[in-house]
Amino acid sequence: MKKILAVLLVAMLALSALCVASAEAKTYKVGVSIYQFTDNFMTLYRNELESYMKSLETDDMKFDITIQDAKNDMAEQTNQVRTFITQGMDVIILNLVQTSSADAVIDEIVAAGIPLVLINREPLGDDGDYSYAGILDNPEVCYVGADARQSGTYQGEMVCELENHGDINGDGKISYIMIEGDPENVDAQYRTEFSVKALTDAGYEVECLDDQVGNWDQTKGQELCANALTNYGDAIEVVFCNNDGMALGAATAIATAGRTVGEDIYLLGVDALDECVEMVKNGEMTGTVLNDHIGQSHAAVDAAIKLLKGEEIENYYIVDYVKVDKAYVDAQ
Ligand code: GAL
């Protein structure tokens, strides 16, 4: 009898241990590396990514999220990725410092058998093609971003839609300066190209007075715009900035030079940072383009969770930009 009771007890204990185990949540380790924490747009993006992922936790699925600052240094980011691999991350979310280093980094992560979600900076394959084969051929790798051609086109269209279509002095051409983001980044390349293309496609003549690299940075944007205003003065009719960070800097330079947006100069950015939307509303900026950090971060997290669950994903998730001019802001 005693023996039977002892066996029963052991069986019951084992059963309850099993029950506890199955009710226990699995915590997934998520490694995120962002190219640079000081970037305005990527700060909004990473904060939303973290809070959205946390909001999706369930009784049996928890997330232990580590977010690293790659400090705009590819060697630093490679080290972070290698540490993620040794730490046994269950999924990696990567905002590349250098898109041209994509092959090497992606290969290491894929070889370690860790699913990968690339965000914001579309990797460039060795063949110079943005449709990187390492993504297309891999069921556990995807890219979440936006088509920067669209944002550039919207910037140009907002100039075309102005009554004088940007030709303030009526000399028959739109004289502009371009303040570019990181030139290695497809967003900078496409925005630079397509903003101007929208003008020429509409049949307007253009004149580029200055084209400089501001690396997405506000202080640099201010400095470059101030220099251009000193060198070209009233000849500058339109200031195209590849992002709002640099446009904020340009706005300061424009005010310091005694110029007035909407009257004797036009200013365009991309991202639709809150302060820039406010400036579009007040007329201090001609327009910006919503770079949907909410839509993009959610798509990235949704894809990461699918990968954790072993569900099928798509290789590319592309989120639309939205044109943010005064009419749009007033209608909100
Ligand atoms: C762009 C964004 C910029 C900057 C850049 C970083 O999409 O417009 O502000 O964040 O990404 O790669």
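Worth knowing before you read on, the calculation uses all heavy atoms, side chains too, and leaves out hydrogens, waters and symmetry mates. Along the sequence shown, residues carry numbers from 1. Remember, it's 1-based here, ligands and their atoms both numbered in the order they're listed.
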- Query: Can R46 be said to sit on top of F37's aromatic six-ring, NZ or CZ under 6.0 Å from centre and within 45° of the ring axis?
  - Reply: yes
- Those residues that, when tested against Y204, pass ring-ring contact (aromatic ring centres under 6.0 Å, His included) (two or more places apart): H165
List ligand 1's nitrogen or oxygen atoms that come under 3.5 Å of a protein nitrogen or oxygen, with the partner atom and distance.
from, atom 1, to, atom 2, distance (Å)
ligand 1, 7 (O), N120, ND2, 3.3
ligand 1, 7 (O), D187, OD2, 2.7
ligand 1, 7 (O), R191, NH2, 3.3
ligand 1, 7 (O), N291, ND2, 3.1
ligand 1, 8 (O), R191, NH1, 2.8
ligand 1, 8 (O), R191, NH2, 3.4
ligand 1, 8 (O), D271, OD1, 2.6
ligand 1, 8 (O), D271, OD2, 3.4
ligand 1, 8 (O), N291, ND2, 3.3
ligand 1, 9 (O), N243, ND2, 2.9
ligand 1, 9 (O), D271, OD2, 2.6
ligand 1, 10 (O), D39, OD1, 2.8
ligand 1, 10 (O), D39, OD2, 3.0
ligand 1, 11 (O), N120, ND2, 3.0
ligand 1, 12 (O), N120, OD1, 2.8
ligand 1, 12 (O), R121, NE, 2.7
ligand 1, 12 (O), R121, NH2, 3.4
ligand 1, 12 (O), N185, OD1, 3.3

- Query: Do the side chains of Y316 and E122 get nearer than 4.5 Å, heavy atoms only?
  - Reply: yes
- Message: Does D330, at its CG atom, have more than 12 non-hydrogen atoms belonging to other residues, nucleotides or ligands within less than 6.0 Å?
- Response: yes
- Taking the side chain as C-beta and beyond, is there a heavy-atom pair between T66 and V30 under 4.5 Å? no
- Do the non-hydrogen side-chain atoms of I65 and I67 ever get within less than 4.5 Å of each other? yes
